[in-house]
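Naming: A, B, ... by sequence-line order, numbering from 1 per chain. Since the structure is predicted, the reported quantities are computational estimates derived from the model, not experimental observations.
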Amino acid sequence: MSDQQLLEIVKNALIKSPWVSHLNCGSCNGCDIEILAVLTPRYDVERFGIKLKGSPRHADVLLCTGSVTRSMAPRLKRIYNQMADPKFVVAVGSCATNWGVFHNCYNTLGGIDKVVPVAMYIPGCPPRPEAIVFGVYKLLLKLASLDLEKQEEKDSVSNLTQEPIRSEEVTT
Amino acid sequence: MKISMEEIKKEVKTMESRELSDQTPVLRVEPNRLLEEMRKLYDLGLTHLSTIIALQVDNKIQIDYPLSSPLNKKLAPAIFVETIVSMDKPKISTIEDIYPSAVTYEREVTDLLGVEFIGADHRDKLLLPDDFPDNLYPLRKDYTGKELQQKLDELGVGYNPTIPLKEEEDYVMAVGPQHPTHKEPIRFKFTVEGEDIKNVELRLGFNHRGIEKALEQGTWIKNLYLIERICGICSSAHQLAYVLTAEKVDKILDQVPDRAQWLRVLVSELERIHSHILWYGVLAHDGGYDYMFHITWRDREDVMDLLEMWTGNRVNYAMMTIGGVRRDIDENLRKKMIIKLKKLRKNISKHKEVMEKEKTFLARIKNVGYLSKEDAIRFGAVGPTARASNINFDLRKDVPYAAYKEIPFKVYYRSEGDVYATMAVRLDEALESVEMCLYVLENLPTGDIAIKVKTRLQEGEAHTRVEAPRGEDIHYILSDGKNAPYRHKVRAPTLANITSLMYRFKNMQVADIPMIIRSIDPCIGCMERVTFVDAKTGKTKEISGQELISKANRRYRLNEKIKIFEV
Amino acid sequence: MIIEIVKIFVFPGIAFILFMAFFSSWMVRKIVARMENRVGPPFLQPYYDMGKLLAKQRVYPHESIASIMHLMPMIQLGVAILIALFMPVYSPKGILSFDGDVYFILFLISIHGATAYFVGWASRNPYTISGAGRAVMTEISLEIPLAVSIASMGIMTKSIRISEMTEKLGISMFPRTETGEIVNKLTWLYLIPWTILIIVAIYSAIGALELSPFSAPHAETEIVHGWSTELTGADLAMTEMADMVNLFNLSALITAIFLGGPRTGLIILNLIEPWTYVIGFLFFLMKFLLVMFILSYIYVLSGRLRIDQIISALWSYFLPLSLIGMLLVLILETIGG
Amino acid sequence: MTSLIGYLSASKQALKNLFSKPVTVMFPAEHVSLPKGYRGTPVLIPEKCTLCMKCERVCPTGAILIEKLDKKNGYFTIDIGKCCYCQECEKACNFDAIHLIDKWLTASDNKEDFVTKHFVQRNGKKKEE
């Protein structure tokens, strides 16, 4: 099997089984309870293979909420570094997208993208659980349409050729 | 035995006494007599310190201590003790020996306004980031919020901080800021021996955004929505406290139509139902009982639907406005709500039946995290946490606000004091709230839902205490007649309960951590809305051996080997 | 020769075992989801999960011992598959079978706990170390009740070999004369110890699989993900797969020892050889699914006990229970034998 | 067995759930109905807008930005990536020019998708950029 075919399989598997981890970077809890609500029977994201994992090491997608506070910014960066490639960050809520209602608060930095690269933004205050599901679903659609012939898009899916790394970061 | 307000006023030597806009008596005492008078008041029965309100007035710092009594119903409405210190090197004696819960409030004041508390031994940062500059106190009037933001960005606060890679001591288990138990950022540092907890330390401030400072920049209307986002779960409780306080400041509280007051009660009670169901669902999840988590959250969707149908959003309802509420209920919606609430009542009774019987789950929550009645009073526990420790106190009953006077309901309290009792209290309260909602819907008065209010409020100051789902929530506003508050102080229930929480870990195990943390229903978003500054960068403090021993002794005596807020 | 190779690698060997493992993992998740009134994952979900995990990058934390963290999950999977080769699937005899293989399996099951400990220790993280300690404590506590209950079945069937235990289950307790009359009048009393022993065995199996109420080693809300918190990529895939295979193993073991495995029981069919195997396989599947259902039923309807509660439950409740079962078997053997 | 009574009370419900249809709404295949009055995306009707700045003043998040070119012309920008969906702008507007509609599936990988910029001409024709 060629490298290309293998990548194709990996890509498909990733789309069918994104495990998410959740991080509150200083939000009001509104988005957090809606993220928890997507697991529950009414919305049940397990039918898409989405699982909420406690350990960022196991996760593929990091759901971040809230405008990043000055205390959480280094922790967010560190948790992002702990995750294994391929990894994606989704900003949930208006304050995670673009500062939102906290733009006057001195101890906040702004959207998640000021600290780590963001793959998908889900505006809403808070977004409905369906909107969160839709956001993750749209991220997967974006992955599915990646053209693996191109090097940079190939890199974003997998690091198959990469040797296992030793992280300087330890789990908090 | 039960002493009244007039007698209290006679007992205390005051410099002068005045009243807030809402007729709350303020007793101003000299700073050097504060400790003495506070001790006298504690002995007279004013055992509950709600918070410490500090603000800069001209070149002085005014510090208010709202006191009340959970046991003596005559003293349930708060009374303010006030003292004034000068701005340069402000100093005042600590009251943590009398009110242990004052530790957090005092540290908050130290961080935000730079007041030094004489006699208190831990003065590290509580809420502000570690690399926050020294001698910069956000709540002083030197900078506006935007200027402060720019200054901090120039200094690079939060961009390049140093976090230790690993704990230096052995057997330290850190819970948070990212941990599956607690979705919100807070950090507990547990020193464990095998499975037993030996020590616990707490670091707050990960969710500290600086809302109180930002409120001074907004307008009375804009602030409604920032206040709402202090916490997404108890959003309407904060909003209610804010609008009631603003109405008291503007002296229009009695003009607010009845229907508006009843609808305020309705949204608060619906919020309480959803918050309590959420809470015991997550408690079941913490206990590994995922089945109950899913079932309770499935049924919670009903109340979320109700709120969405009425208010247009599932979480931040934006219902309150100064002078009334924003949306009315029509006949069609009222009927729908009654049908859904009756279904909900049946479902909550089912949850109650299962959760109070399942033995593997009960084994996890019974006799875990015990808090006695004496300790609950001493550490200033509020809300369901206090009611689980046999304190019959509910602000809705004892200091009625909005339309609670006209609505019949029962206050539930239990004597066990463990996690099980907090669960049982909340289950009962959720059921009672459904009954209250049904009563409100069936007896809703007709009339307007809001009155027109000017964009600027009158000068004045007022405070309101509201029974949020988690307990007493206090808002204080000082208005100088402009279109924004001069000072707005918020104390959320979690900050009052966190002191008692630290004592609950005694003799417990690692596995009990999530259940005990859950028992007070912590809401970190609520707790850390304030502004705090102080940083000791590069300075090392030398302590002599004698000092160290006396400190250690003091800690041992006061806290029984459990350190609070040592970071 | 070819048949042997097919047996080992295809049916009922490795390919079949992995299929059954993925299937049982999906089954448990689906039953749990449906009991919670949800839809649950699609049928191919475990394949997607494993495919993705195998391709992910491996990250080893600062100061950890990478070789142990890489090797131990592989050992877990290898051991799990080795156990699975002993399971009788279509005929009372598994691929591997020898005298004393029951005790060999018990030994192999305990290896899982030891490897878990090493992974947790090598990760150098307070959560993993705590999880590792809990895994070992649970493993030790459940091993003895499980061993006692299996040994009692051995006494009942007078055998220490899975294939014989499967074959003789019931027959040795119901010895008949040539005309078909039951000799021993006490035989129906054997149902009492049998019930006690199967309950003990099922709870021990739940403990070995780290499911609720004995899920403390993996307690998500306390210690993140227990001993496997720091595993990433292929290492995590190996442990997850080992867990899945073990789910098959323990259900199949209970099916074989307590329910007669692929034996058709009272139904007597005179069929030519391949058809007895097909019928046997179907019977195995039915019993297997029943055990799986009971496992997930207990799993979904119980909370997670604390580690000290687990230990005291297993030592002071299930161990005496299994000993009572054994005693009853011995008494019946003495009186009736 | 350790908790037979507890099991019985929950297991009846669990077994009932097992054989009944799940309550899951099969989003995105199934349509999700929103209640009347849902506070969704704010949308401007440029013909009605008079650039009175009232909504900008009242917006708590700064999601509305009005750049006036002269007395009659200007750009009206709404950034739903900042919006907190409080409906204050709809309430403040005297000309019914801004509305919160029931559009809510707005996720995107590009922040610029959230910004809509309208060219507003008082008593003039609409022109969209």
Side-chain angles (χ1 to χ4, degrees), chain A residues 28 30-31 37-48 63 67 88-105 110-114 117-143 145-146 156, chain D residues 13-14 16-18 20-35 37-43 56-65 77-90 100-117:
Chain A
C28 71
C31 302
V38 300
L39 299 175
T40 57
R42 171 82 74 90
Y43 309 100
D44 186 33
V45 284
E46 207 183 0
R47 66 202 155 97
F48 301 114
L63 296 176
S67 50
F88 307 93
V89 176
V90 176
V92 180
S94 284
C95 41
T97 307
N98 208 350
W99 222 339
V101 76
F102 299 119
H103 66 297
N104 265 339
C105 302
I112 303 292
D113 52 357
K114 292 216 172 158
V118 176
M120 183 63 64
Y121 300 91
I122 307 174
C125 198
R128 277 175 66 94
E130 283 103 346
I132 297 174
V133 175
F134 178 76
V136 177
Y137 177 74
K138 210 168 166 186
L139 174 72
L140 302 178
L141 285 183
K142 187 184 150 195
L143 286 180
S145 64
L146 281 186
S156 71
Chain D
Q13 182 74 35
K16 212 174 115 195
N17 289 343
L18 184 63
S20 62
K21 200 169 162 279
V23 295
T24 310
V25 179
M26 299 300 279
F27 178 82
E30 203 173 313
H31 176 69
V32 179
S33 61
L34 287 178
Y38 179 75
R39 303 201 305 266
T41 311
V43 169
E56 189 189 321
R57 244 175 279 138
V58 89
C59 180
T61 62
I64 295 173
L65 186 70
T77 314
I78 304 177
D79 185 354
I80 59 164
K82 280 185 180 169
C83 181
C84 74
Y85 307 89
C86 63
Q87 217 173 13
E88 236 1 280
C89 46
E90 186 179 325
L100 264 65
I101 60 166
D102 58 353
K103 185 183 161 202
W104 51 287
L105 291 172
T106 44
S108 169
D109 59 344
N110 188 356
K111 262 161 94 170
E112 276 156 29
D113 290 358
F114 302 140
V115 182
T116 41
K117 200 169 182 182

Practice item. Taking T24(D) for its side chain and R42(A) for its backbone only, find out whether a donor-acceptor pair lies under 3.5 Å. Key: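 Flag not set: sc T24(D) to bb R42(A) has no pair under 3.5 Å.
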**Study point:** Check: K142(A) side chain, D109(D) main-chain N or O, donor-acceptor pair, under 3.5 Å
**Key:**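 Judged by distance alone, no pair lies under 3.5 Å.
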Exercise for review: For residues K82(D) and H103(A), determine if any side-chain heavy atom of one lies less than 4.5 Å from a side-chain heavy atom of the other.
Suggested key: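 No; the side chains remain at least 4.5 Å from each other.
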Review point. Side-chain contact, heavy-atom cut-off 4.5 Å: K111(D) with D113(A)?
Key: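 They are in side-chain contact.
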[X] versus [Y], closest heavy-atom pair with distance:
{"X": "S94(A)", "Y": "C83(D)", "result": "OG-O, 2.8 Å"}
{"X": "V23(D)", "Y": "P41(A)", "result": "CG2-CB, 3.6 Å"}
{"X": "E130(A)", "Y": "V32(D)", "result": "OE2-CG1, 3.3 Å"}
{"X": "P123(A)", "Y": "T106(D)", "result": "CG-OG1, 3.4 Å"}

Measure distances from [X] to the heavy atoms of chain D and classify the residue's part below 4.5 Å as side chain, backbone, both or neither.
{"X": "F134(A)", "result": "both"}
{"X": "F48(A)", "result": "side chain"}
{"X": "N104(A)", "result": "neither"}

Checking heavy atoms, do the side chain of [X], its backbone, both or neither come under 4.5 Å from chain A?
{"X": "D113(D)", "result": "neither"}
{"X": "V25(D)", "result": "both"}
{"X": "C84(D)", "result": "both"}

**Study point:** Gap separating the CG atom of L34(D) from the CZ atom of R128(A), nearest 0.5 angstrom
**Key:**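 Output value for this atom pair is 5.0 Å.
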Review point. Using a cut-off of under 4.5 Å for heavy-atom pairs, which of A119(A), P127(A), G135(A), G124(A) has the most such pairs with chain D?
Key: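 The answer is G124(A).
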Review point. Quick one: of I132(A), V118(A), N98(A), who has the most non-hydrogen atom pairs under 4.5 Å with chain D?
Key: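 The answer is N98(A).
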Review point. Is the OH atom of Y137(A) crowded by more than 12 outside heavy atoms at less than 6.0 Å?
Key: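 It does not: Y137(A) OH has 12 such atoms or fewer within range.
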Exercise for review: Step by step, work out the side chain to side chain contact (heavy atoms under 4.5 Å, CB included) result for S108(D) and Y121(A).
Suggested key: CA-CA 5 Å; S108(D) 169; Y121(A) 300 91; 5.8 Å; no
